[in-house]
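If you scroll down you'll find the structure; I have some questions about it.
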Amino acid sequence: MEIIVCIRRAPTTDARIKPGADGKSYDPAGVNYDISEYDKFAIEAAIQLKEKHGGKVTVLSLGPTDTTKELRTAIATGCDAAALLVSTGNHDSWTTAQALAAKIKSLPHDMVLFGWNSVDAQSSATGQMVAELLGLPCATVAVGLEVAGGAAAVERLAAGGNREKLSLKLPCVVTCQKGLNKPRQPNLTGIMAAKKTPVEETPAQVPAGGVATLRLDPPPPRPAGKIVGKGPEAAKALVGLLRNEAKVI
Amino acid sequence: MSNNVLVFVDCNEGKPTRAGLQALGAGHRLAKQLGGKAFALVAGKGVEADAAGLGNFGADAVQVAAGETFGAYSQDGYARLVAQQAQAVGAAAVLASATPAGRDFMPRAAAIAKCGVASDCTDLKVEGGKARAVRPVFAGKALATVEGTGALYATLRPNVFAQAQTANAVTPEPVKVPFGVGDLKAVVKEIVAGVKGKLDVAEAEVVVSGGRGLKDPAGEGKANWENLEKLAGTLGAAVGASRAVVDAGWRAHGEQVGQTGKTVSPKLYVAAGISGAIQHLAGMTGSKVIVAINKDDQAPIFKVADYGIVGNVEDVVPALTAAFSEILKG
Ligand SMILES: Cc1cc2nc3c(=O)[nH]c(=O)nc-3n(C[C@H](O)[C@H](O)[C@H](O)COP(=O)(O)OP(=O)(O)OC[C@H]3O[C@@H](n4cnc5c(N)ncnc54)[C@H](O)[C@@H]3O)c2cc1C
Ligand SMILES: Nc1ncnc2c1ncn2[C@@H]1O[C@H](COP(=O)(O)O)[C@@H](O)[C@H]1O
C-alpha cells in the first residue's frame, strides 16, 4: 500500500498566543512547535497499515523550512519518505489543499491520511478539500480503520456519540481522531534512519483565494469571578447566584 | 452573486435540530443586513413534514431534498447538494451548523464551489457590504475575523447564535439533483448508536465536567462519578471530562473538553476537580458562566470561573445537586 500522511507544524498546545504586530498573524516569540496533535494518530494509522499490508508511508507537509524537524520526527517514528512544500505564508485550508493535492497527484497513493482538525487553524477542512480535488471518497473523524479487499472500513464519530460505519473504495482520504490508536514514540532505528533519509524540499505553489484573515484579536477578557464560599454549605448560595445574578438556571 | 444566504438546516429523524434552527436564525439576520433573502435547505428522509414550519424560524424560502439519495448520509452527496443550491440561489453566504455532519460536508461543498471555508464561527457580520465571520483559533486563545473570496462558506458553533422568530408563509420547493445513490462515493452504511438520549458536550446547554480530582471510578472515585452523573441529570446536562481523566480510561474520548477535545460553549459549565490547565481552558472559556469546584483555592480554574466553591467534590457535588433540585422544583 502506498500511504501519504499530511502533517502540519503547529504551535504546541501550551503556547500562549498573542496577536503580532501586523494584527493578522500571531507573535511567534517564545512559541514552540510540534506535529499538530491529531496528525500523530494519522502517522500511527499509516505505520500500522504498512506493517499489516506492506508498502510505503510518505509524510507530506506545507510549511516553512523548519518543518523538516517535524517530518524527521515522523520518519523516526516509522515513516519512509518525506516531502516538504516550502512556504512561510499563512494559508487557509482551501489554498493549502490545492498545493497538497497537486503534490499528491504526482505520487502513487492508495490512502491519504490527515488529522481531523489542526490545533491552530482548526478548520477541520483540509482533508475533505483534498479529497474533492482528487475526486476521492473521504471519511472524517475516524476512530476505526481497517483495509481489506481494496476498500477501507471506517468508523467515524457522529452526533450524539453515534458511530457511523462506511466503506470507502481505495484510493481514499481518511481524517483521524483520538481513539483510533495509540501513537508510538520515535525509536532508535528510526532516529538513525531519519538522519539518513533526505527530506525533499520544493517551493510550494500556493494559489490565491480562499478565506483570508483580516484581523486576529485576543479573546475578550472574562470579568473577575468570585469564590462563593467553602465546602457544601456554599452550594445554596451558589445556586441562588446562578438563578438571580447570572440568570442561567 | 446576489445578497442571498443559503442555510443548510440540520435535521434529526426529519425534525430540524436546535443547532440547525440557530444557524437559520443567524442566516436570517445576515440576509437582512445584506439586503437579501434567507433560503433554508433541508435534506433527508421525512424532512418534508416540518419544512414549511421553517418560515417561523427565519426562512424566506425553503428547499427540500428528500428521496433515496439523501436517505443515508454521505459527505459528497450533501456537499454536491449544498454547492448546487448555493449557486442556484446566488448565495453570498452559505451556512450550516458546526455539528459533526456540517463540519464533514461543508468543506467539501466549499471546495466544489472553489471557495474557502470558515469553520466553527461564533459571529457573523457585514462590513463594507461583505459578509465576514469571526472564529476562535488556537482553541479560543485568539479570534480571527475572516472574509472569503467568493461566497462565504461557514459553519456556526452550536449555542452561540439565537434562533429567529418570523411569520413567513413559505411553500417548500423540492430540489432536483443530477445524481443518485449509485453515484455517491461513500455512504454511511450503518449507525452504531451511542448511549440512547445521551447529550453531546459540544451541543449541550449545560455541561458538568469532572477531572482527576474525582478519582478512579473503578476504585475510590466510584461515588464521585455517580454524584456527577446525578448533578448532570438534575440539570439536563452533558457530562464532560478533562484529558487526564480520558487518558486514564475513566471516561470516553467523546467527553474530553479542551484544545484536543471538544470546544464547548454552554450557558453553564461546571468544572469539578479540574485544575484548569491551559489546554482545558482553551476548550471551555467560551461558556457563558463557569462554575469551579476545587479543594485548592490556588487552582488556575478559579481565574476563569465566574463562581467558585473551595471544597471537596465528595460533599460539594451532592450538595449542589440538592440545591439545584430544590430551586428547579420550586
Ligand atoms: C498536547 C496536549 C493536549 C492536551 N489537551 C487537553 C485537552 O484537550 N483537555 C484537557 O482537559 N487537557 C488537555 N491536556 C492536558 C492538560 O495539560 C492537563 O494535564 C489536564 O487538563 C489535567 O486534568 P485535570 O485537571 O483533571 O487533572 P489535574 O491537573 O491532576 O487536576 C486535578 C485537580 O483536582 C483537584 N482536586 C483533587 N482532589 C479533589 C477533591 N477531592 N475535591 C476537589 N478538588 C480536588 C486538585 O486540586 C486539582 O486542581 C493536554 C496536554 C497536552 C500536552
Ligand atoms: N500545511 C499543511 N501541511 C500538511 N498538512 C496539513 C497542513 N495544514 C493542514 N494539514 C492537514 O489537514 C488536517 C486538518 O487541518 P485543518 O483543516 O487546518 O483543520 C491537519 O490535521 C493535517 O493533517
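Numbers restart at 1 for each chain; the letters A, B, ... are given by sequence-line order, proteins then strands. Below, each value reflects all heavy atoms present in this structure, side chains not excepted, and no hydrogens, waters or symmetry copies.
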Exercise. Can you tell me how far the CD atom of A/Glu132 sits from the NZ atom of B/Lys114, to the nearest 0.5 Å?
Worked result: 7.5 Å
Problem set entry | A/Glu37 portion near chain B, given a 4.5 angstrom heavy-atom threshold | side chain
Problem set entry | Portion of B/Val291 that has a non-hydrogen atom of chain A nearer than 4.5 angstrom | side chain
For this session: Answer yes or no: is there a donor N or O on one side and an acceptor on the other, between the side chain of B/Tyr307 and the main chain of A/Val239, under 3.5 Å?
Result: no
For this session: Between chain B and each of A/Leu241, A/Thr175, A/Val130, count heavy-atom pairs under 4.5 Å; write down the option with the most.
Result: A/Leu241
Exercise. B/His253 versus A/Val143: any side-chain heavy-atom pair under 4.5 Å?
Worked result: no
Problem set entry | For chain B, the option from A/Ala97, A/Ala131, A/Ser93 that forms the most heavy-atom pairs under 4.5 Å | A/Ala131
Problem set entry | Part of B/Gln256 lying under 4.5 Å from any heavy atom of chain A | side chain
Problem set entry | Atom pair CG/CG of B/Asp104 and A/Leu157 - distance to nearest 0.5 Å | 12.0 Å
Exercise. Does A/Gln122 reach the main-chain N or O of B/Ala139 with its side chain, forming a donor-acceptor pair under 3.5 Å?
Worked result: yes
Problem set entry | Non-hydrogen atoms of B/Val137 and A/Asp120 that approach each other most closely | CB-O, 3.5 Å
Exercise. So what's closer than 4.5 Å to chain A heavy atoms on B/Pro318: side chain, backbone, both or neither?
Worked result: neither
Exercise. What part of A/Arg215 lies closer than 4.5 angstrom to a heavy atom of chain B: side chain, backbone, both or neither?
Worked result: both
Exercise. Given that the side chain runs from C-beta out, which part of B/Tyr73 has a heavy atom under 4.5 Å from chain A: side chain, backbone, both or neither?
Worked result: side chain
Exercise. With side chains defined as the heavy atoms from C-beta onward, is the minimum distance between A/Lys178 and B/Arg243 less than 4.5 Å?
Worked result: yes
Seminar exercise, completed: Rounding to 0.5 Å, atoms CG (B/Asp306) and CG (A/Leu242) come to a distance of 9.0 Å
For this session: Give the minimum heavy-atom separation between A/Cys138 and B/Arg108, together with the two atoms involved.
Result: CB-NH1, 3.6 Å
For this session: Measure B/Glu314 against the heavy atoms of chain A and call it side chain, backbone, both or neither at under 4.5 Å.
Result: neither
Seminar exercise, completed: What one should report as the nearest heavy-atom pair of B/Ala193 and A/Asn162 is CA-OD1, 3.4 Å
Problem set entry | Contact class of B/Asp315 relative to chain A, heavy atoms under 4.5 angstrom | both
Problem set entry | Main-chain N/O of B/Lys295 paired to A/Lys230 side chain as donor or acceptor, under 3.5 Å | no
For this session: Apply side chain to side chain contact (heavy atoms under 4.5 Å, CB included) to the pair B/Leu143 and A/Leu216, showing each step before the final yes or no.
Result: CA-CA 6 Å; B/Leu143 294 173; A/Leu216 195 69; over 6 Å; no
Exercise. Would you say the side chain of A/Val141 lies within less than 4.5 Å of the side chain of B/Arg103, judging by non-hydrogen atoms?
Worked result: no
Exercise. What part of A/Thr213 lies closer than 4.5 angstrom to a heavy atom of chain B: side chain, backbone, both or neither?
Worked result: both
Problem set entry | Residue B/Glu147 versus chain A: region with a heavy atom under 4.5 Å | both
For this session: With rounding to the nearest 0.5 Å, note down the distance linking OG in B/Ser119 to CG in A/Asn117.
Result: 8.0 Å
For this session: Under 4.5 Å heavy-atom distance to chain A, tell me which part of B/Glu205 shows up: side chain, backbone, both or neither.
Result: neither
Problem set entry | 4.5 Å side-chain heavy-atom contact, B/Glu326 and A/Lys236 | yes
For this session: Count the heavy-atom pairs under 4.5 Å between each of B/Gly308, B/Ala72, B/Gly148 and chain A, then report the option with the highest count.
Result: B/Gly308
Exercise. What part of B/Leu320 gets closer than 4.5 Å to chain A, counting heavy atoms only: side chain, backbone, both or neither?
Worked result: both
For this session: Tell me, for A/Ile227 versus chain B, whether the close heavy atoms (under 4.5 Å) come from the side chain, the backbone, both or neither.
Result: both
Problem set entry | Pair A/Tyr26-B/Lys141, side chain to side chain contact (heavy atoms under 4.5 Å, CB included): steps then yes or no | CA-CA 10 Å; A/Tyr26 67 91; B/Lys141 292 175 199 168; over 6 Å; no
For this session: Nearest 0.5 Å please: distance from the CG atom of A/Asp217 over to the OG1 atom of B/Thr145.
Result: 5.5 Å
Exercise. Which region of A/Pro19, side chain (C-beta onward) or backbone (N, CA, C, O), has a non-hydrogen atom less than 4.5 Å from a non-hydrogen atom of chain B, or is it both or neither?
Worked result: neither
Seminar exercise, completed: Note: vs chain A, highest number of non-hydrogen pairs under 4.5 angstrom among B/Val192, B/Asp76, B/Asp200 is B/Val192
Exercise. Do you know which of B/Val117, B/Leu268, B/Asp10, B/Leu235 has the most heavy-atom pairs with chain A at a distance under 4.5 angstrom?
Worked result: B/Val117
Exercise. Between B/Ala109, B/Ser287, B/Ala292, which residue shows the highest count of heavy-atom pairs closer than 4.5 Å to chain A?
Worked result: B/Ser287
For this session: Could you walk me through whether B/Gln75 and A/Thr140 pass side chain to side chain contact (heavy atoms under 4.5 Å, CB included), step by step?
Result: CA-CA 9 Å; B/Gln75 180 190 100; A/Thr140 59; 3.7 Å; yes
For this session: Under 4.5 Å, counting heavy-atom pairs only, tell me which of B/Lys288, B/Met106, B/Glu190, B/Arg132 racks up the most with chain A.
Result: B/Glu190
Exercise. Looking at A/Ala212, A/Gly179, A/Ala125, A/Pro220, which makes the most heavy-atom pairs under 4.5 Å with chain B?
Worked result: A/Ala212
For this session: Mind checking the OG1-CD spacing from B/Thr260 to A/Gln177? Nearest 0.5 Å is all I need.
Result: 9.0 Å
Problem set entry | Structural part of A/Val248 lying under 4.5 Å from a heavy atom of chain B | both
Exercise. Contact part of B/Ala305 toward chain A, heavy-atom cut-off under 4.5 Å: side chain, backbone, both or neither?
Worked result: backbone
For this session: Could you look at A/Pro221 and say if it's the side chain, the backbone, both or neither that has a heavy atom under 4.5 Å from chain B?
Result: neither
For this session: Show your working on salt bridge (charged side-chain N to carboxylate O under 4.0 Å, His left out) between A/Lys182 and B/Asp247 and close with a plain yes or no.
Result: CA-CA 10 Å; A/Lys182 287 213 159 59; B/Asp247 283 358; over 6 Å; no
Exercise. Does the side chain of B/Gln279 reach to within under 4.5 Å of the side chain of A/Asp14, using non-hydrogen atoms?
Worked result: yes
For this session: Might you point out which heavy atoms bring A/Met129 and B/Cys115 nearest each other, and give the distance in Å?
Result: CE-O, 3.7 Å
Exercise. Non-hydrogen atoms of chain A under 4.5 Å away: do they reach the side chain of B/Leu184, the backbone, both or neither?
Worked result: neither
Exercise. B/Thr285 and A/Arg222: which non-hydrogen atoms are nearest, and at how many Å?
Worked result: O-NH1, 2.7 Å
Seminar exercise, completed: Cut-off 4.5 Å, heavy atoms of chain A, and the answer for B/Thr99 is neither
Problem set entry | Interface moiety of A/Leu136 toward chain B, non-hydrogen atoms closer than 4.5 Å | backbone
For this session: Could you tell me whether a side-chain N or O of B/Thr149 sits under 3.5 Å from a main-chain N or O of A/Gly210, the two making a donor and an acceptor?
Result: yes
For this session: Check whether B/Val188 gets within reach of chain A through its side chain, its backbone, both or neither, counting any heavy atom under 4.5 Å.
Result: both
Seminar exercise, completed: Tightest non-hydrogen contact, residues B/Pro100 and A/Arg156, listed as O-NH2, 3.7 Å
For this session: Identify which part of A/Ala121 has an atom lying under 4.5 Å from any heavy atom of chain B, answering side chain, backbone, both or neither.
Result: backbone
